[in-house]
Amino acid sequence: MPQISKREVVIDAAIRLFKKNGVNLTGVEDIIREANVSKKTLYNHFNTKDELILAALRKDDELGRNALMKYVGQSSDDIKSQILSIFDFYHSWFNSQDFNGCFFIKTAAELKQSNDAARGVCADHKRLIQAYIEKLLHNAEVIEAKLVAERINMLLEGATIYAQVMSDKRAAIKAKAMAEYYLSEVL
């Protein structure tokens with residue numbers, strides 16, 4: 001098995017800490033300790049904390065979306081079942097020990113306007129999830145696939161926030177019931 005680069009070790013440590021404590025409360029020294037690297041190593045790979053935040057967001061986006069698409073792809077050949085399986089994926093996430101809300105929502109809220117690049121990556125993550133849902137709907141030849149995808153994505157986002165704020169581990173299952181009702185009207 002290939003050895004993980006120091007850069008990846010730093011990114012992985014940053015992701016863990018950013019998800020747990022937020023980007024503003026996580027200092028560079030915390031990341032250095034978590035990654036067990038020197039300050040020089042960190043700064044050899046990232047000139048600023050903002051660069052590290054971007055790298056962490058991009059990696060987490062890629063890993064999360066790939067895991068979602070793999071899960072959905074293995075769920076069923078039926079488009080409706082595939083879309084509904086997204087809610088099952090979220091349900092598993094909400095019930096995992098490391099669920100602490102959505103990294104992208106929390107980061108966008110924390111950074112406000114101070115880091116437009118990072119906020120852009122957060123928005124792109126949400127757009128890419130929606131685009132994936134839209135692609136599934138296009139495959140089923142749904143006429144208003146974009147609108148339907150937007151509404152399904154809004155249910156997912158609402159469930160994510162509800163799970164975090166209300167500590168409701170069943171939020172995705174509740175949203176799935178709404179999505180199932182809605183999809184029966186359009187599919």
Side-chain angles (χ1 to χ4, degrees), residues 1-73 86 89-90 92-136 146 149-150 152-165 171-172:
M1 185 155 99
Q3 188 175 358
I4 300 172
S5 73
K6 291 288 185 188
R7 182 178 196 283
E8 292 304 309
V9 168
V10 170
I11 292 170
D12 291 345
I15 290 170
R16 284 190 302 277
L17 292 175
F18 290 157
K19 284 183 172 185
K20 181 179 176 187
N21 304 321
V23 294
N24 288 337
L25 291 178
T26 301
V28 171
E29 294 297 329
D30 299 320
I31 297 165
I32 289 167
R33 267 192 307 280
E34 178 78 12
N36 196 26
V37 297
S38 69
K39 187 178 262 189
K40 181 180 178 189
T41 297
L42 184 137
Y43 284 110
N44 279 343
H45 296 286
F46 305 98
N47 292 322
T48 65
K49 182 179 172 186
D50 285 346
E51 283 184 18
L52 179 54
I53 291 169
L54 283 172
L57 287 166
R58 287 179 179 134
K59 181 173 183 177
D60 197 64
D61 165 60
E62 182 180 345
L63 291 173
R65 282 187 306 104
N66 285 340
L68 171 67
M69 290 186 286
K70 181 179 179 184
Y71 184 91
V72 170
I86 296 170
F89 180 86
Y90 275 59
S92 294
W93 172 40
F94 297 168
N95 286 277
S96 66
Q97 280 199 315
D98 62 344
F99 178 73
N100 195 20
C102 176
F103 181 29
F104 301 94
I105 293 170
K106 289 168 48 177
T107 300
E110 272 191 77
L111 294 176
K112 298 180 184 162
Q113 300 303 319
S114 66
N115 187 331
D116 287 339
R119 286 177 54 83
V121 173
C122 293
D124 286 345
H125 170 75
K126 301 303 181 181
R127 283 187 205 102
L128 290 166
I129 297 288
Q130 185 170 311
Y132 175 64
I133 297 166
E134 185 177 346
K135 180 182 172 193
L136 292 172
K146 184 176 182 136
E150 182 178 80
I152 296 296
N153 199 38
M154 289 175 75
L155 285 172
L156 289 166
E157 292 305 315
T160 303
I161 293 168
Y162 201 81
Q164 177 185 351
V165 174

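Below, each value reflects all heavy atoms present in this structure, side chains not excepted, and no hydrogens, waters or symmetry copies. Keep in mind the model is a prediction, meaning the values are calculated, not measured.
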Practice item. Check whether any side-chain heavy atom of Asn100 lies under 4.5 Å from a side-chain heavy atom of Lys19, and answer yes or no. Key: no
Review point. Backbone N or O of Val9 within a donor-acceptor pair of the Asp12 side chain at under 3.5 Å?
Key: no
Practice item. Return yes if some donor-acceptor pair links the side-chain N/O of Asn153 with the main-chain N/O of Ala149 below 3.5 Å, else return no. Key: no
Point to revise | CG-CG distance between Leu156 and Leu68, expressed to the nearest 0.5 angstrom | key: 8.5 Å
Review point. Where does the angle between the aromatic ring planes of Phe104 and His125 fall among parallel (under 30°), tilted (30 to 60°) and perpendicular (over 60°)?
Key: parallel
**Study point:** Other residues, nucleotides, ligands: >12 heavy atoms within 6.0 Å of Asn44 CG
**Key:** yes
Exercise for review: Would you check, one step at a time, whether the test side-chain contact (heavy atoms from CB on, under 4.5 Å) holds for Asp30 with Arg33?
Suggested key: CA-CA 5 Å; Asp30 299 320; Arg33 267 192 307 280; 2.6 Å; yes
Point to revise | Side chain Thr26, main chain Leu17, donor-acceptor under 3.5 Å | key: yes
Practice item. With the side chain counted from C-beta on, respond yes when Met69 and Tyr132 share a heavy-atom pair under 4.5 Å apart, and no when they do not. Key: yes
Check your understanding: Is the side chain of Glu51 donor-acceptor paired with the backbone N or O of Phe46 at a distance under 3.5 Å, no angle test?
Key -> no
Point to revise | Neighbour count above 12 (heavy atom, 6.0 Å) for Lys106 NZ | key: yes
Check your understanding: Less than 4.5 Å apart, any side-chain heavy atom of Glu150 and any of Glu134?
Key -> no
Check your understanding: Within a strict 4.5 Å, meaning less than it, do heavy atoms of the Ile32 and Val10 side chains meet?
Key -> no
Review point. Passes side-chain contact (heavy atoms from CB on, under 4.5 Å), Asp60 versus Phe18? Steps please.
Key: CA-CA 11 Å; Asp60 197 64; Phe18 290 157; over 6 Å; no
Point to revise | Cationic N near anionic O, under 4.0 Å, Lys20 to Asp98 | key: no
**Study point:** Atom OH of Tyr71: over 12 foreign heavy atoms under 6.0 Å
**Key:** yes
Practice item. Determine, step by step, whether Ile86 and Ile152 satisfy the side-chain contact (heavy atoms from CB on, under 4.5 Å) criterion, reporting the C-alpha distance in whole Å, the side-chain angles of both residues, the deciding distance to 0.1 Å, and the verdict. Key: CA-CA 10 Å; Ile86 296 170; Ile152 296 296; 5.7 Å; no
Exercise for review: Evaluate the criterion side-chain contact (heavy atoms from CB on, under 4.5 Å) for residue pair Val72 and Phe89; output intermediate values, then yes/no.
Suggested key: CA-CA 8 Å; Val72 170; Phe89 180 86; 5.8 Å; no
Check your understanding: If you measure from the Lys or Arg side-chain nitrogens to the Asp or Glu carboxylate oxygens, is any gap between Asp61 and Arg58 under 4.0 Å?
Key -> no
Exercise for review: For Lys49 and Gly27, indicate whether the former's side chain and the latter's backbone hold a donor-acceptor pair under 3.5 Å.
Suggested key: no
Exercise for review: For Lys126, look at atom NZ and say whether over 12 heavy atoms of other residues, nucleotides or ligands are found less than 6.0 Å away.
Suggested key: yes
